[in-house]
*Asks:* 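Attaching a single structure in structure tokens format; questions to follow.
Throughout, protein chains are lettered first and strands after them, A, B, ... in sequence-line order, and every chain is numbered starting at 1.
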There are 2 protein chains.
Amino acid sequence: MSSTRTVDENATLSRSEPARTSDRILDTAEELVQTRGLNAMSYADISERVGITKASLHYHFPSKADLVRALVERYSTRFFAVLAELEASGADPAELVRGYADIYAGVLARGRMCLCGMLASDYATLPTEAQDDVAAFFARNEQWLEGVIREGIASGRLTDTASPLDAARALLAGLEGAMLVSRPFEGTARFDAIAAALLAGLGVPADQSTTGTVAAG
Amino acid sequence: MSSTRTVDENATLSRSEPARTSDRILDTAEELVQTRGLNAMSYADISERVGITKASLHYHFPSKADLVRALVERYSTRFFAVLAELEASGADPAELVRGYADIYAGVLARGRMCLCGMLASDYATLPTEAQDDVAAFFARNEQWLEGVIREGIASGRLTDTASPLDAARALLAGLEGAMLVSRPFEGTARFDAIAAALLAGLGVPADQSTTGTVAAG
DNA sequence: GTCTATACAGCGATAGAC
DNA sequence: GTCTATCGCTGTATAGAC
């Protein structure tokens with residue numbers, strides 16, 4: 001819809017190169033965390049799927065704390081790269097917030113929860129550095145959304161609101177919560193309805209195309 | 001504010017009775033799950049805090065699956081008892097949705113996540129029956145909210161919206177998500193701002209009193 | 001209903017050969 | 001960079017005495 005490139009696993013590698021082992025490990029760990037949670041994922045699970053021994057995993061990521069940190073950093077980097085791309089596409093503010101919501105829809109469509117949303121639920125058990133990274137991920141998302149909403153209001157394309165920052169926070173919370181409460185139910189209908197209701201509150205009309213064209217893992 | 005009784009642990013017991021062991025186990029397990037997550041909680045953790053051995057815990061709840069089921073059932077029962085009480089207080093629809101949001105605020109003020117929100121993040125690792133109970137918890141919440149919103153619209157006390165059910169779902173998702181993304185940050189300011197923004201969307205003005213008078217665990 | 005003792009699988013992690 | 005082998009610990013769960 002708005003973004004021209006599909007951002008997915010290994011998006012940073014050129015197509016023909018074989019994926020580096022550390023990337024395949026991260027891909028697998030990421031999927032496991034997004035679907036089952038950090039504390040339900042083990043080195044044995046990753047080992048099985050990647051096809052190397054647990055000992056080899058420890059060569060790439062000595063401790064689980066190292067692995068989680070790498071996971072959040074890569075996810076965060078990719079996520080904001082997608083946002084930058086969205087912004088560079090020249091879409092207007094209404095399209096930007098819709099594109100933003102579509103990123104979440106794409107993640108849920110693959111049966112996953114947002115990585116940082118999932119880690120937020122495990123927050124108390126996270127290594128300190130990962131805690132900071134997760135908090136920073138949310139704060140940065142809010143700032144990005146706040147800017148978009150501010151611009152939308154200024155140009156008369158979004159509904160005026162007392163606090164653009166609070167509107168941004170409500171949208172982020174709404175989308176993360178929508179993923180959380182929708183996964184127990186079949187399909188993405190519940191999420192789509194919630195996203196539409198949240199966007200409608202900002203003055204963004206419903207999207208007529210199919211959702212989830214942009215995937216950010 | 002709206003509710004007259006504070007609903008908390010052991011609310012079902014008369015004051016002078018000593019808490020039954022199984023209840024103390026559930027209280028402890030509930031706190032651990034709400035703060036750390038199901039897969040970060042062990043029988044050893046509970047044993048330590050309750051002051052009985054792991055073997056004794058297994059007498060009351062033979063398997064962890066039994067314990068989770070009991071946890072969700074008790075939480076659900078209490079939660080809807082509080083909603084019934086709220087409703088019986090004769091508050092108008094705007095006060096009801098504000099009271100609803102205050103329940104969540106009270107949980108967060110104690111440093112906890114909604115039990116079912118937390119379990120939703122661990123959904124894939126839950127025993128089947130607990131999965132169903134968690135899904136039912138959300139569905140029932142949405143239905144309750146939908147009814148309140150419908151009534152509020154009919155009586156002109158809430159902003160009219162195309163789909164009261166979708167508005168209810170967006171509010172539930174927004175509040176669950178607000179708890180999720182607010183816990184990494186100090187205090188309840190973030191949650192309060194989000195809750196206010198969500199309520200404002202329904203036409204419920206900001207609450208001037210302090211939040212979190214009703215606690216539902 | 002609680003205890004001691006124990007079984008046994010799984011966990012994250014390390015040593016050292018190749 | 002990957003392997004085999006193993007360590008020490010923790011996980012859930014059970015047997016049987018009191």
Side-chain angles (χ1 to χ4, degrees), chain A residues 10 13 17-33 35-72 118-119 121-131, chain B residues 10 13 17-33 35-72 118-119 121-131:
Chain A
N10 306 322
L13 302 169
E17 300 269 9
R20 293 219 321 286
T21 302
S22 61
D23 289 316
R24 293 197 296 128
I25 295 169
L26 288 173
D27 291 344
T28 305
E30 189 175 80
E31 196 212 314
L32 285 167
V33 172
T35 51
R36 302 172 48 84
L38 180 65
N39 295 315
M41 178 209 71
S42 70
Y43 272 55
D45 294 328
I46 304 171
S47 164
E48 226 172 50
R49 290 166 211 235
V50 175
I52 63 175
T53 60
K54 288 192 293 167
S56 299
L57 294 178
H58 282 284
Y59 168 81
H60 296 279
F61 302 98
S63 75
K64 205 174 176 181
D66 296 315
L67 178 55
V68 194
R69 270 185 270 138
L71 233 30
V72 187
M118 194 56 112
L119 293 179
S121 78
D122 299 322
Y123 192 77
T125 70
L126 253 39
T128 322
E129 199 186 311
Q131 288 185 330
Chain B
N10 308 323
L13 302 169
E17 301 268 10
R20 293 219 324 286
T21 303
S22 62
D23 288 316
R24 293 198 297 128
I25 295 169
L26 287 173
D27 290 343
T28 305
E30 189 175 79
E31 196 213 315
L32 286 167
V33 172
T35 52
R36 302 173 48 84
L38 179 66
N39 295 314
M41 178 209 72
S42 71
Y43 273 54
D45 294 328
I46 305 170
S47 164
E48 225 173 51
R49 290 166 210 232
V50 175
I52 63 175
T53 60
K54 291 187 288 167
S56 299
L57 295 178
H58 282 285
Y59 168 82
H60 295 279
F61 302 98
S63 77
K64 206 173 174 180
D66 295 315
L67 178 56
V68 195
R69 268 183 273 136
L71 234 30
V72 187
M118 194 56 112
L119 292 179
S121 78
D122 298 321
Y123 191 78
T125 70
L126 253 40
T128 322
E129 199 187 310
Q131 289 186 328

*Asks:* Compare all side-chain heavy atoms of A/Met41 with those of A/Ile46 and state whether any distance is below 4.5 angstrom.
*Replies:*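 Yes, close enough: below the 4.5 Å cut-off.
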*Asks:* Counting only side-chain N and O atoms of A/Ser56, is one of them less than 4.0 Å from OP1 or OP2 of D/dC3?
*Replies:*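 Answer yes for this pair, as a side-chain N or O of A/Ser56 is under 4.0 Å from OP1 or OP2.
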*Asks:* Return the nearest nucleotide to the side chain of B/Tyr59; candidates are D/dG1, C/dG1, D/dT4.
*Replies:*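 Nearest to the side chain of B/Tyr59 among the choices is C/dG1.
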*Asks:* For A/Thr53 and D/dC3, is the shortest distance between a side-chain N/O and OP1 or OP2 below 4.0 Å?
*Replies:*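 Answer yes for this pair, as a side-chain N or O of A/Thr53 is under 4.0 Å from OP1 or OP2.
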*Asks:* Would you say the side-chain atoms of B/Asp122 pair up with the backbone N or O of B/Leu119, donor to acceptor, closer than 3.5 Å?
*Replies:* no
*Asks:* Take atom CG of B/Leu57 and atom C1' of C/dT4, then tell me their distance rounded to the nearest Å.
*Replies:*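 After rounding, the reported distance stands at 15 Å.
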*Asks:* Side-chain polar contacts of residues 50-57 of chain B - donor-acceptor pairs under 3.5 angstrom, sequence neighbours left out - could you list them?
*Replies:*
from    : atom 1 : to      : atom 2 : distance (Å)
B/Thr53 : OG1    : B/Ser56 : N      : 3.4
B/Thr53 : OG1    : B/Ser56 : OG     : 3.1

*Asks:* Polar pairs (N or O, both sides) under 3.5 Å between protein and nucleotides 10-12 of chain D?
*Replies:*
from   : atom 1 : to      : atom 2 : distance (Å)
D/dG11 : OP1    : B/Ser42 : OG     : 3.4
D/dT12 : OP1    : B/Lys64 : NZ     : 3.1
D/dT12 : OP2    : B/Tyr43 : N      : 2.9

*Asks:* Using modelled atom types only, decide if a donor and an acceptor are shared between the side chain of A/Asp66 and the backbone of A/Ser63 within a distance under 3.5 Å.
*Replies:* yes
*Asks:* Quick one: does any side-chain atom of A/Thr35 pair with a main-chain N or O of A/Glu31 as donor and acceptor, under 3.5 Å?
*Replies:*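 Flag set: sc A/Thr35 to bb A/Glu31 pair under 3.5 Å.
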*Asks:* Using whole Å, what does the distance between atom C1' of nucleotide C/dG10 and atom CZ of A/Arg36 come to?
*Replies:*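 Interatomic distance, CZ of A/Arg36 to C1' of C/dG10: 13 Å.
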*Asks:* In whole Å, what is the span from the CZ atom of B/Phe61 to the P atom of D/dT14?
*Replies:*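 Interatomic distance, CZ of B/Phe61 to P of D/dT14: 16 Å.
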*Asks:* To the nearest 0.5 Å, what is the distance between CZ on A/Arg49 and CG on A/Asp27?
*Replies:* 13.0 Å
*Asks:* Between B/Thr21 and C/dT2, does any side-chain N or O lie under 4.0 Å from OP1 or OP2?
*Replies:* yes
*Asks:* Rounded to whole Å, how long is the line connecting atom NE2 of A/His60 with atom P of C/dG12?
*Replies:*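 Interatomic distance, NE2 of A/His60 to P of C/dG12: 17 Å.
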*Asks:* In whole angstrom, give the distance that lies between atom CG of B/Asn39 and atom P of C/dC11.
*Replies:* 11 Å
